[in-house]
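First up is the structure itself, then whatever we jot down about it.
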Amino acid sequence: MALTTIDNFINNEFVKPTEGAYFDTFNPAHGVPHAQIPDSTKPDVELAYKAASTAFPIWSKTPKAERARILYKIADLIDARQDEFVRAESKDQGKPVSLAKAIDIPRAAYNFRFFAGRILHSVEEGAELEGVGYNYTQRMPIGVAGLISPWNLPLYLLTWKIAPCIACGNTAICKPSEFTSLTAYMLCSVLKEAGLPAGVVNMVFGTGMKAGQALVEHPRIPLISFTGGTVTGAKIIANSAPHFKKLSLELGGKNANIIFADCDFEKALTTTLRSSFANQGEICLCGSRIFVERPIYERFLNALVEGTKKLKVGDPSAADTNLGALVSKEHWEKVKGYVDLGVEEGGKIECGGKKPASLQGEFQNGYFLEPTIISGLTPSCRVMREEIFGPVVTVYAFDTEEEVIQIANDSEYGLSCSIWTENGRRQRRVAGEIQAGTVWVNTWMSRDLRMPFGGMKKSGLGREGGEHSLDFYTELKTICLAD
Ligand code: NAD
């Protein structure tokens with residue numbers, strides 16, 4: 001089958017990478033290449049910079065109402081092409097079509113709608129300085145932003161950056177993950193069709209080491225929004241430091257899912273199946289460390305194992321598939337390595353742990369892994385401390401509230417946490433003690449884009465969402481007018 005060729009998008013035109021080199025990207029469900037990605041380098045970033053910096057003076061002065069109109073149009077066009085985007089996201093990433101249709105693509109459209117509305121309704125501060133005059137604040141667009149995104153929620157997370165960035169009047173150079181560039185490529189045509197002026201959003205495809213690093217090290221790109229792994233985040237901090245860039249870093253997690261004996265058992269169970277294995281466990285917010293209060297430990301574990309065994313793994317395009325393929329062969333090997341490590345560390349595989357035997361035909365070469373539950377490990381084990389980012393969870397019994405708070409917080413990460421209890425005072429007490437950017441009580445993945453989102457500790461720097469995104473994508477200035 002002919003491979004789709006992806007090209008860079010600079011100044012509203014599709015252009016070949018300057019060095020002419022491409023590499024293959026794989027369909028994870030079949031384990032075969034399905035597209036070719038430009039292996040972009042510094043000169044490509046330079047071309048994109050030229051386009052973005054030329055567009056900036058005009059776009060930054062374009063009235064908010066006009067910017068919002070174009071963002072609404074982009075959202076409408078994504079909706080109109082929803083099926084196409086859904087199929088492409090599933091083929092490129094390995095996720096079930098049902099998930100891309102329910103979450104990824106609608107959210108990509110909503111990101112544009114949300115920030116279109118947000119800029120129209122934001123009000124700046126103003127205060128009288130008695131005896132002197134009047135202060136007010138003004139938000140200034142910053143310039144050309146570098147937007148670097150990961151492979152797990154490709155279009156969802158890329159548009160979470162593009163929408164506030166351009167809504168605030170900046171221009172952008174995007175570097176989507178080299179594993180999942182297809183929907184970003186499709187978005188380029190949507191941006192053009194929506195009437196976004198040339199140069200406002202540019203897309204440079206390729207690897208992190210070449211294209212990504214060239215963005216981070218570019219001396220005239222003043223802000224970088226990055227979502228990805230913690231190790232990469234550390235490199236971005238180091239490489240951007242000489243230029244004092246504004247950074248937003250959304251990084252890895254090892255999130256706790258705390259289940260008290262007084263929880264709504266069925267609700268906790270059903271949601272835990274999702275929070276453990278949605279998107280093959282490849283969501284930074286998945287709750288991979290499950291802590292269950294001892295009185296219900298056996299019952300909960302048995303029910304979780306039973307529910308997990310019923311999950312269907314395989315053809316991502318089948319409507320009843322729960323888990324598709326992991327994103328790449330390398331990632332499959334990494335995740336499987338953690339399953340093996342779990343056994344070495346003394347854990348018991350309650351279910352899963354291997355490639356499903358049921359795979360037929362072309363799917364036999366895909367990167368599928370059964371959803372896996374490991375018990376019997378202690379909180380000091382590597383499998384309970386390191387981010388796995390796959391369909392692998394550990395289950396551990398705890399005795400007291402103090403103990404579980406201590407274990408949940410004894411992590412170098414602090415992205416999110418779920419707490420399950422019907423006791424109102426305990427809900428607030430435990431939520432108040434947990435070191436994580438987002439704490440959910442009796443729910444998971446309930447996202448309100450008006451609220452701050454980000455990680456504590458090695459899960460990130462800064463917050464995005466609502467006003468916090470405006471803070472990141474603008475410089476806030478105070479102007480004092482004397483009487
Ligand atoms: P990654 O860090 O390998 O890559 C992310 C992006 O950074 C890719 O586009 C990649 O090409 C680029 N990149 C790699 N090296 C770079 C460098 N030196 N300079 C500039 N760019 C570089 O991450 P991944 O494997 O794509 O994604 C998985 C990770 O992302 C997990 O750790 C997950 O927890 C995290 N994640 C976090 C959030 C969040 O909101 N906190 C959301 C999704 C994913």
Side-chain angles (χ1 to χ4, degrees), residues 23 25 37-42 45 92-95 103-104 107 111 146-161 173-181 184 203-218 221 224-241 245 247-255 278-288 326-328 330-332 334-335 386-390 411-416 436-438 445 447 449 452-465 468-469:
F23 57 87
T25 180
I37 311 291
D39 192 1
S40 303
T41 52
K42 234 175 164 171
V45 168
D92 209 24
Q93 204 274 341
K95 67 180 68 219
I103 308 270
D104 294 68
R107 169 63 190 274
N111 285 337
L147 310 179
I148 304 175
S149 56
W151 48 255
N152 64 324
L153 302 167
L155 194 66
Y156 171 131
L157 288 173
L158 181 63
T159 53
W160 173 241
K161 299 182 186 305
I173 305 175
C174 310
K175 210 302 281 172
S177 169
E178 56 270 46
F179 293 101
T180 53
S181 296
M203 215 65 87
V204 175
F205 297 98
T207 66
M209 286 307 290
K210 292 184 193 171
Q213 195 153 322
L215 265 182
V216 170
E217 290 178 343
H218 196 291
I221 294 178
I224 298 286
S225 172
F226 169 79
T227 301
T230 293
V231 172
T232 316
K235 281 189 201 151
I236 288 177
I237 294 174
N239 292 336
S240 63
K245 296 190 184 213
L247 292 181
S248 167
L249 304 176
E250 304 285 3
L251 308 177
K254 186 75 180 175
N255 310 307
N279 205 43
Q280 304 77 242
E282 296 166 328
I283 302 182
C284 54
L285 303 167
C286 277
S288 55
L326 299 196
V327 73
S328 67
E330 298 72 26
H331 190 59
W332 188 94
K334 179 193 147 186
V335 176
E386 296 174 14
E387 185 185 43
I388 300 175
F389 214 53
S411 168
E412 57 182 17
Y413 295 107
L415 190 57
S416 72
T438 301
M445 267 289 264
R447 286 275 294 114
L449 303 195
F453 178 82
M456 295 186 187
K457 299 188 266 187
K458 289 190 180 170
S459 287
L461 283 184
R463 294 289 180 272
E464 293 190 29
H468 303 274
S469 293

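Quantities reported herein were computed from a predicted structural model and do not represent experimental measurements. In listed order, ligands and their atoms are each counted from 1.
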Per atom 29 (C) of ligand 1, closest listed option by heavy atom (Gly460, Gly228, Gly212) = Gly228
Please write down residue, atom name and distance for the protein heavy atom closest to atom 18 (N) of ligand 1.
-> Gln213 OE1, 3.4 Å
Just wondering, do Ile236 and Leu247 contact through their side chains at under 4.5 Å, heavy atoms?
-> yes
Would Val216 and Lys235 satisfy side chain to side chain contact (heavy atoms under 4.5 Å, CB included), going step by step from the backbone distance to the final call?
-> CA-CA 10 Å; Val216 170; Lys235 281 189 201 151; over 6 Å; no
Go through Thr230 and Lys458 one step at a time and tell me if the side chain to side chain donor-acceptor pair (under 3.5 Å) criterion holds.
-> CA-CA 6 Å; Thr230 293; Lys458 289 190 180 170; over 6 Å; no
Only one of Leu158, Leu251, Leu249, Leu157 passes side-chain contact (heavy atoms from CB on, under 4.5 Å) with Thr227; say which it is.
-> Leu157
Looking only at protein heavy atoms, what sits closest to atom 24 (P) of ligand 1 is Trp151 NE1, 3.3 Å
Write down the atom of Glu387, the atom of Gly252, and the distance for their closest heavy-atom approach.
-> OE2-CA, 3.5 Å
Which ligand 1 atoms, with their elements, are less than 4.0 angstrom from a heavy-atom of Ile148?
-> 6 (C), 7 (O), 9 (O), 12 (C), 20 (C), 21 (N)
Output the list of atoms in ligand 1 that are nearer than 4.0 Å to some heavy atom of Leu415, sorted by atom number.
-> 41 (N)
heavy-atom search around atom 10 (C) of ligand 1 in the protein gives Glu178 OE1, 3.5 Å
Closest heavy-atom pair, Thr180 versus Trp151, reported as atoms and distance to 0.1 Å, is OG1-CA, 3.2 Å
Say whether Phe453 and ligand 1 are in contact under the criterion: heavy-atom distance to a ligand atom below 4.0 Å.
-> yes
When you measure from atom 7 (O) of ligand 1 to every protein heavy atom, which one gives the shortest distance, and what is it?
-> Phe226 CE1, 3.1 Å
Selection from Ile236, Ile388, Thr227, Thr232 by shortest heavy-atom distance to atom 15 (N) of ligand 1 = Thr232
With a cut-off of 4.0 Å, which atoms of ligand 1 are near a heavy atom of Pro176?
-> 9 (O)
So which heavy atom in the protein is nearest atom 28 (C) of ligand 1, and how far is it from that ligand atom?
-> Phe389 CE2, 3.5 Å
Under 4.5 Å between any side-chain heavy atoms of Lys95 and Gln280, yes or no?
-> yes
4.5 Å side-chain heavy-atom contact, Asn152 and Phe389 = yes
For atom 41 (N) of ligand 1, which candidate among Leu251, Leu215, Ile224, Thr438 holds the nearest heavy atom?
-> Leu251
Among protein heavy atoms, which sits nearest to atom 22 (C) of ligand 1, and what does the distance come to when rounded to 0.1 Å?
-> Gly208 CA, 3.4 Å
For ligand 1, which atoms sit closer than 4.0 Å to a heavy atom of Asn152?
-> 43 (C), 44 (C)
Heavy atoms, side chains only, cut-off 4.5 Å: are Leu415 and Cys284 in contact?
-> yes
Among Pro154, Ser459, Cys284, Gly252, closest by any non-hydrogen atom to atom 39 (C) of ligand 1 | Cys284
Would you indicate whether the side-chain heavy atoms of Ser288 and Ile388 approach each other to under 4.5 Å?
-> no
For ligand 1, is there an N or O atom under 3.5 Å from any N or O atom of Ser149?
-> yes
Crowding at NZ, Lys457 (>12 non-hydrogen neighbours, <6.0 Å) | yes
Quick one: which ligand 1 atoms are inside 4.0 Å of a heavy atom on Leu157?
-> 42 (C), 43 (C)
Closest non-hydrogen protein atom to atom 23 (O) of ligand 1, residue and atom name please, with distance?
-> Gly229 N, 3.3 Å
Heavy-atom contacts with Ser177 under 4.0 Å: which atoms of ligand 1 show up? List them by number with element.
-> 9 (O)
Which protein heavy atom lies closest to atom 31 (C) of ligand 1, and at what distance to 0.1 Å?
-> Glu387 OE1, 3.5 Å
Is any side-chain heavy atom of Thr207 less than 4.5 Å from a side-chain heavy atom of Phe23?
-> yes
Quick one: does Gly454 get a heavy atom under 4.0 Å from ligand 1?
-> no
Here the atoms of ligand 1 under 4.0 Å from any heavy atom belonging to Lys175 are 8 (C), 9 (O), 10 (C), 11 (O)
Hey, are Lys161 and Ser225 close enough side-chain-wise for a donor-acceptor pair under 3.5 Å?
-> yes
